[in-house]
Amino acid sequence: MPETPTPTPTPTPTPTPTQRSLAIDNIGSLITNDPTLGRGSLGIIDNASVVIVDGVIEYVGPAGALADDRIDADGACVLPGFVDSHTHLVFAGDRAEEFTARMAGQPYDGGGIRVTTDATRNMSTGALDGLVRQRLAEAHRAGTTTIEIKSGYGLNVVDETRSVEIARRYTTESTFLGAHLLPAEFEGRADDYIHLVCNEMLDAAQPHAKWVDAFCETGAFDADQSRAVLEAGRAAGLGLRLHGNQLGHGPGVQLAVDCGCASVDHCTYLSNSDIEALAGSDTVATFLPAADFSTRQPYGDARRVIDAGATVALASNCNPGSSYTTSISFCIAIAVREMGMTIDEAVQAVTLGGAAALRRTDVGRLTPGSAGHATILDAPTHHHLAYRPGVPLIRQTIGPLGSLDPIRPQRGSTR
Ligand code: NIG
């Protein structure tokens with residue numbers, strides 16, 4: 001057994017008169033994600049306090065810290081707010097009928113993206129914004145405090161731009177996904193569409209986006225088309241991410257590694273050389289198990305990827321087609337039951353892993369200096385997230401999605 005580090009008591013912080021401090025006290029089990037602060041790879045401290053001043057953690061240590069305001073965790077587990085690094089929250093309508101047909105044996109091929117595109121194009125910006133707010137509130141109740149949001153159901157210049165602009169109102173992690181699927185009006189002219197995505201559409205979307213993404217898959221875009229989108233995004237100053245290897249083996253993972261993407265997402269079908277490529281890179285392998293659940297795909301082999309030494313994240317992939325859930329707890333339960341992950345690995349993958357997929361070091365951990373984003377469970381330990389599947393164990397989420405205050409657009413300062 002590794003020796004348990006004893007946390008060094010830190011003096012109670014003394015905020016300046018304008019700052020109010022908040023103590024989360026009487027924590028039964030605190031997940032810091034810093035092994036130097038506590039037990040094991042999750043850095044667990046028993047009987048702990050966290051003090052947050054002006055949104056930033058100032059103190060992590062033994063219980064009893066004093067502050068202006070106090071939340072009594074009453075012996076519960078507290079962990080970093082979840083970092084959901086893959087969502088498609090900007091959409092109208094739902095596809096319950098498609099899901100029902102799939103459960104009756106129909107395969108998933110992504111073609112329903114066009115159904116959602118029609119609905120999204122036909123909705124007013126105000127109504128679309130209202131739906132995003134509802135979904136964010138749902139995600140926040142489920143413990144998420146940092147979220148990535150993609151466009152991808154506009155598929156023309158106007159609707160992609162307003163989608164990514166809406167996303168940017170609520171998160172700095174906004175992603176331009178014009179290359180989600182070929183819109184019907186470009187049928188047979190995929191290269192023309194990619195030209196539009198890489199030029200006029202990118203120019204219009206770029207001020208609102210931090211990331212560019214593409215769906216590299218048979219039936220969506222091939223490796224050359226996806227590479228063109230990534231390279232154009234890079235030239236426009238965006239960070240890179242990619243959908244790959246969702247519905248079958250393909251070039252997505254290798255392309256993502258080759259282009260230096262922060263993350264390649266889905267990773268349901270991985271060859272040995274895909275896993276080797278991931279392990280030798282700093283591209284995070286992001287698994288989306290709720291999508292595999294809802295499309296009756298096999299689950300990704302996270303165990304092999306972790307054992308090979310790659311960084312792994314888990315995300316919800318909330319979207320109306322393949323994964324209509326904001327529940328990170330559900331993803332944890334599947335990953336543990338079906339993907340060979342330990343509970344500690346799964347909890348780390350939805351916190352630190354998600355942060356790595358977004359190239360963030362300020363979230364996904366509860367350590368002095370990091371963001372004061374925390375989730376209080378109705379449970380004594382993090383094991384209950386997998387042990388009690390389907391039970392709403394999130395008692396309180398402390399973090400920025402709670403206020404749902406739109407971020408004011410910061411043109412030119414998103415990267
Ligand atoms: O990540 N794979 C592509 N995009 C989404 C699905 C979108 C849809 O079916 O509407 C995904 O699974």
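Order of listing sets the numbers, starting from 1, for every ligand and every atom in it. Since the model is a prediction, treat every value here as computed from it, not as a measurement.
- Contacts of His382 classified as ring pair (Phe, Tyr, Trp, His ring centres under 6.0 Å), with partners at least two apart in sequence or in another chain: none.
- With sequence neighbours excluded, no residue forms a salt bridge (Lys or Arg N to Asp or Glu O under 4.0 Å) with Asp274.
- When each of Glu185, Glu187, Glu98 is checked for a salt bridge (charged side-chain N to carboxylate O under 4.0 Å, His left out) with Arg114, only Glu187 meets the rule.
- For Asp292, the side-chain hydrogen bond (donor to acceptor under 3.5 Å, both in side chains) criterion is met by Thr268, not counting sequence neighbours.
- With respect to Asp34 and Arg365, no salt bridge is recorded, no charged nitrogen being found less than 4.0 Å from a carboxylate O.
- At a 4.0 Å heavy-atom cut-off, the residues surrounding ligand 1 are His86, His88, Arg95, Tyr108, Ile113, Tyr153, His180, Phe215, His243, Gln246, His266, Asn317, Asn319, Gly321, Ser322, listed by chain and number.
- Separating the CZ atom in Arg168 from the CD atom in Glu173 is a distance of 9.0 Å, to the nearest 0.5 Å.
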